[in-house]
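Reading through the C-alpha cells given below for one structure.
Each chain gets a letter, A, B and so on, in the order the sequences are listed, and its residues count up from 1. In what follows, every heavy atom counts, from backbone to side chain, and hydrogens, waters and symmetry copies are set aside. As the structure is a prediction and not an experimental result, all values here were calculated from the model.
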Number of protein chains: 2
Amino acid sequence: MIPLYILGLLLRFGPQHGYQIKKLIEEQLKDFTQIKLPTVYYHLEKMEASGLITATCEKQGERPEKTVYQVSNIGADKFGELLSQSLQIKYHPTFDIDCTFYFSDSLDQNEMVNSLEIHIGVMKKTLEKLNIHHRETLEYMPESYKISANIIFEHHIMHYKAELAWAEQSCNTLKEVKSYGKDQDHRDQ
Amino acid sequence: MIPLYILGLLLRFGPQHGYQIKKLIEEQLKDFTQIKLPTVYYHLEKMEASGLITATCEKQGERPEKTVYQVSNIGADKFGELLSQSLQIKYHPTFDIDCTFYFSDSLDQNEMVNSLEIHIGVMKKTLEKLNIHHRETLEYMPESYKISANIIFEHHIMHYKAELAWAEQSCNTLKEVKSYGKDQDHRDQ
DNA sequence: TGACAAATAGTCAGCGCTGAGTATACTGAT
DNA sequence: ATCAGTATACTCAGCGCTGACTATTTGTCA
C-alpha cells in the first residue's frame, strides 16, 4: 500500500524528498495512516532500485544534498496497476482485546469494566475529533474530491461508532453480571 | 499478543508442541486470529530463551523428537502481567481501501461500484458464517465462558456490520453520482 | 547574539513475521 | 500392497518495518 501512496503523491504533487512525502502523508491523511519516516525511505530506495522512480541530488549552495524523487514512466504504469489491484477489498480485522477476553477468567471484572470505560471515553473523543476534522476538510476541499473524502471519513467514523457501541454494550453486560453476582453473594450469606 | 496467547493456551490446556499450539489457536480462535506456524515457533524459541517456558524433547520409539513446551513459574507471572497490560485497549484502524478512494480520480466509477458490490457480498457471507459459528459455539460452551465468548463474537459482528453498512452506503453514493453525471452528459449533448 | 527548541533530512541495526521448503507418519482408495 | 493425499512437526532465508540515532538548518525569545 505504501508504494501506492508514494507514487500517487509524487504524481499529484510533483517531485519531492522523502521528508516531504512523509509531511504530505501527515497533512493529507493524518487520520487514516501512521506511516513512519524510515518506512518511506525504505520504499523509496526499493522503488528506485526497481525503476519506478528516479532520484536526483539537489545541492543548494554547498549544503548537504537532498535527494528528490520523481515518478518514471514505468512508475506511472505501476501506479495504475497497483490502484486497480487495490480495488480488491479485504477486511479481516483482529483485535488484541479479544485475547484479553478469551482469558478473562484470569482477570478481575472491575478491572475489565474500568478498562472498557476508559476505552469508551477515548472512542468518544476520537469521534468528536474526526467529525470536526471531517467538517473542516470539506470546507477547503474542491468539489471533485468531496465525494471520496466523505467516503473515507465515513468509513472511519462508522467503525469508531461500532467500536464505541461494542464497548458500551460489553461494559453494561459485565456490570449486570457483577451486580447479579453480588445479589447471589448476598442471598448466599 | 502472541506470547500472551501461547502462555494462556499452555496454562489452560497443559504442555504442547508448537504444532499443537497452532491447532489450538485454529480451533479456539479461528474467526479472530490468523497466526502462522513459523510465527508460533519463533515466539516459542524466544520465550524459552527468556525462561518463560521450558522445552523437553519427547522421543516416541526411535522416531524424530518432538519438542514439548510448558510454562515456567516466571512464565505464569508474565502471563498475568501481559494480560493486565492487554487491558489498555487500542483502536486505530487503517484501511487499504482508503488509499484507493484517495486516488479515485484516476479510477473508473464503474470499477469502484463493482468492487464495492463484491465486497458487500463477501461481508454478508462472512456475517452469516460468523452468526452460525456464534450459535454453535454457545451450544457446547460451558456457562462460565459464554459471556466472554459473546463479547468477542459481538465485537467482530458489529465491525463487520459497520463495514457492510459503509460499503452499501458508499456504493449507493457512487451510483447516484454516476446517474447524475449521466443526466448532465445527456443535458450537455 | 547567543542559546535552546523545533523542523528538516536521512541512516542503520535488528526485530517480528512468514512463504517456501524439508521430512516423516498416517489414512483411505484402488 | 501400493500409492496419493493429508496431517504432523519443524526450519530458514529474507522481507518489511521502525526505534533510536546523527546532523544540519531554521525560527524565536530573551
Side-chain angles (χ1 to χ4, degrees), chain A residues 1-7 9-10 13 15-27 29-30 33-50 52-53 55-70 78 82 85-86 90 92 94 96 99, chain B residues 1-7 9-10 13 15-27 29-30 33-50 52-53 55-70 78 82 85-86 90 92 94 96 99:
Chain A
M1 204 50 32
I2 298 166
L4 180 53
Y5 271 121
I6 293 175
L7 288 173
L9 290 172
L10 286 178
F13 296 99
Q16 312 277 338
H17 327 159
Y19 190 81
Q20 287 175 311
I21 293 172
K22 169 62 159 68
K23 297 244 88 186
L24 277 175
I25 292 176
E26 255 168 29
E27 281 164 28
L29 301 149
K30 64 172 165 234
T33 47
Q34 303 91 41
I35 297 170
K36 303 298 155 73
L37 234 198
T39 309
V40 171
Y41 283 108
Y42 169 75
H43 284 281
L44 284 173
E45 267 168 47
K46 271 210 68 182
M47 289 162 75
E48 202 212 338
S50 61
L52 302 182
I53 54 178
T56 38
C57 284
E58 212 179 48
K59 282 173 211 164
Q60 309 158 305
E62 58 239 271
R63 295 300 89 223
E65 308 164 347
K66 301 170 192 181
T67 317
V68 179
Y69 294 93
Q70 67 186 312
K78 190 72 181 177
L82 290 176
Q85 277 173 23
S86 77
K90 280 174 199 165
H92 289 301
T94 59
D96 286 356
C99 183
Chain B
M1 204 49 31
I2 298 164
L4 180 53
Y5 270 121
I6 293 176
L7 288 172
L9 290 171
L10 286 178
F13 296 99
Q16 312 278 339
H17 327 158
Y19 190 82
Q20 286 174 312
I21 293 172
K22 170 62 160 68
K23 296 244 88 185
L24 276 175
I25 292 177
E26 255 168 28
E27 283 163 27
L29 300 148
K30 66 172 165 238
T33 48
Q34 302 93 40
I35 298 170
K36 305 297 154 72
L37 234 200
T39 310
V40 172
Y41 284 107
Y42 169 76
H43 283 282
L44 284 172
E45 266 169 46
K46 271 211 69 183
M47 288 161 75
E48 202 212 339
S50 60
L52 302 182
I53 53 178
T56 39
C57 283
E58 213 179 47
K59 283 173 212 165
Q60 309 158 306
E62 58 238 270
R63 294 299 89 222
E65 308 165 347
K66 301 170 190 180
T67 316
V68 179
Y69 294 94
Q70 67 185 312
K78 190 72 182 180
L82 290 176
Q85 277 171 24
S86 78
K90 279 174 199 165
H92 289 302
T94 59
D96 286 357
C99 184

Nearest whole angstrom, please: distance from the C1' of D:dT11 to the CG of B:Leu44. 13 Å
Quick check on DNA chain D: between B:Lys23 and B:Glu45, whose nearest nucleotide comes earlier from the 5' end? B:Lys23
Rounded to whole angstrom units, what separation is found between the CD atom of A:Gln20 and the P atom of C:dA7? 16 Å
Test of understanding: with salt bridge (Lys or Arg N to Asp or Glu O under 4.0 Å), list the residues that count as partners of A:Glu48, not counting sequence neighbours. none
C:dG19 C1' sits how many Å from B:Tyr41 OH, rounded? 16 Å
For A:His17 and C:dT8, what is the distance between atoms NE2 and C1' respectively, to the nearest whole Å? 10 Å
Could you work out, with side chain to side chain contact (heavy atoms under 4.5 Å, CB included) as the rule, every residue matching A:Lys46, not counting sequence neighbours? A:Tyr42
Residues at least two apart in sequence or cross-chain that pass side chain to side chain contact (heavy atoms under 4.5 Å, CB included) with A:Glu45, listed by chain then number, are none
What is the separation between atom NZ on B:Lys66 and atom P on D:dA7, rounded to the nearest whole Å? 16 Å
Under the rule for side chain to side chain contact (heavy atoms under 4.5 Å, CB included), what residues qualify as partners of A:Pro38, not counting sequence neighbours? A:Lys36
Rounded to whole angstroms, how far apart are OH on A:Tyr19 and P on D:dT24? 17 Å
Here the distance between atom C1' of C:dA9 and atom CD of A:Glu26, to the nearest Å, is 14 Å
Please confirm whether the shortest side-chain N or O distance from A:Thr67 to OP1 or OP2 of C:dA9 is below 4.0 Å. no
For B:Phe13, what residues pass the side chain to side chain contact (heavy atoms under 4.5 Å, CB included) criterion, not counting sequence neighbours? A:Tyr102, B:Leu9, B:Gln16, B:Leu24, B:Gln28
Give each protein N/O atom lying under 3.5 Å from an N/O atom of nucleotides 18-23 of chain D, with the pair distance.
from   : atom 1 : to      : atom 2 : distance (Å)
D:dT18 : OP2    : A:Thr39 : OG1    : 2.6

How many whole angstroms separate atom CD of A:Glu48 from atom P of C:dT11? 11 Å
Step-by-step salt bridge (charged side-chain N to carboxylate O under 4.0 Å, His left out) determination, A:Glu26 to A:Lys22: CA-CA 6 Å; A:Glu26 255 168 29; A:Lys22 169 62 159 68; 2.2 Å; yes
